[in-house]
Amino acid sequence: LLKTHKEPESVLYVSSQNGSTISPAFANRLEYSKEEKKIVITLHNLSKKDSDMYVCAGVVKNSSFLLVNGSGTMILIKEGEQTDCSNSSWVTYALIIVVALLFSALICCSLYRVDMKKYFQKKKLNAVYEDMSYCSRRNTLVR
């Protein structure tokens, strides 16, 4: 793997005898896996200075010629602010919990202040009771 434009350099060299050389600029930031004639390269923690054209090339045996595979890949890194998601997520969860507790407290206080028993009791129908027993009857006829 070669950087070809801004600062030409060899990034990774893998030989057929399983030996490899990684550029010191990419130490601890480059991983690769090799399976027969296929190599997968992964770059980590890229910065703005890593922006360049990257080309995979093969060395022809017993020669100093390079056989370039394709036109390469342009990698353009735009620097941005990195945020620590772990801290912001804890703050978000804490705020959600506090809001839920305050809402629960508000509901409990509201229910305590309102007499809820009267809303759940059966309403009495307006009924008139009249005692029609013999003892309580009075003679209302005029003789």
Side-chain angles (χ1 to χ4, degrees), residues 1-140:
L1 180 66
L2 305 170
K3 281 175 68 173
T4 59
H5 287 303
K6 280 177 32 180
E7 298 175 26
E9 69 174 300
S10 174
V11 175
L12 172 67
Y13 176 79
V14 179
S15 72
S16 59
Q17 289 83 22
N18 294 330
S20 67
T21 305
I22 298 175
S23 167
F26 287 90
N28 300 323
R29 301 189 307 138
L30 183 144
E31 294 176 8
Y32 76 95
S33 62
K34 179 181 173 187
E35 189 175 310
E36 294 181 20
K37 292 184 179 185
K38 181 180 176 181
I39 297 176
V40 176
I41 301 168
T42 306
L43 302 172
H44 300 282
N45 300 326
L46 296 175
S47 65
K48 200 171 187 176
K49 66 179 180 164
D50 294 322
S51 295
D52 207 329
M53 179 67 78
Y54 289 81
V55 176
C56 288
V59 178
V60 179
K61 286 185 180 180
N62 300 327
S63 176
S64 61
F65 293 110
L66 292 176
L67 178 62
V68 177
N69 184 12
S71 60
T73 301
M74 171 59 86
I75 297 179
L76 179 62
I77 310 298
K78 293 171 58 177
E79 293 213 30
E81 292 182 23
Q82 288 186 338
T83 57
D84 187 9
C85 295
S86 61
N87 287 342
S88 64
S89 64
W90 284 109
V91 170
T92 304
Y93 291 134
L95 285 174
I96 290 171
I97 291 171
V98 167
V99 168
L101 289 174
L102 288 174
F103 184 72
S104 299
L106 177 68
I107 295 296
C108 289
C109 288
S110 298
L111 293 176
Y112 179 75
R113 300 287 278 164
V114 175
D115 185 16
M116 296 302 290
K117 288 181 185 177
K118 66 182 178 183
Y119 294 109
F120 293 106
Q121 289 177 349
K122 291 184 178 179
K123 292 184 178 180
K124 295 180 181 177
L125 298 176
N126 291 335
V128 176
Y129 176 74
E130 189 173 334
D131 188 5
M132 298 296 289
S133 65
Y134 179 75
C135 301
S136 66
R137 266 195 261 159
R138 293 188 183 159
N139 192 356
T140 56

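Model, not experiment: these values are computed from the prediction.
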Taking all atoms of both residues into account, what is the closest heavy-atom pair of Ala27 and Ile22, and its distance? N-CG2, 4.3 Å
Identify the heavy atoms of Arg29 and Asp50 that sit nearest to each other, and give their distance. NH1-OD2, 2.7 Å
Compare every heavy atom of Ala57 with every heavy atom of Leu2, then report the nearest pair and how far apart it is. CD1-CB, 4.0 Å
Approximate separation, where rounding is to 0.5 Å, of Leu30 CG and His44 NE2: 8.0 Å
What distance do Lys3 atom NZ and Met53 atom CE have between them, rounded to the nearest 0.5 Å? 13.0 Å
Value rounded to 0.5 Å, distance of SG in Cys56 from CD1 in Ile41: 5.0 Å
Straight-line distance of Thr4 OG1 to Met74 CE, nearest 0.5 Å: 7.5 Å
The reported gap from OG1 in Thr92 to CD1 in Ile97 (rounded to nearest 0.5 angstrom) is 11.0 Å
Measuring from atom CD of Glu9 to atom CG of Leu1, what distance do you get when rounded to the nearest 0.5 angstrom? 9.5 Å
When every non-hydrogen atom of Lys34 is compared with those of Val14, the smallest separation belongs to CD-CG1, 3.8 Å
Do the non-hydrogen side-chain atoms of Leu12 and Phe26 ever get within less than 4.5 Å of each other? no
Ignoring hydrogens, what is the shortest heavy-atom contact between Ser10 and Ser23? Give both atom names and the distance. O-CB, 3.3 Å
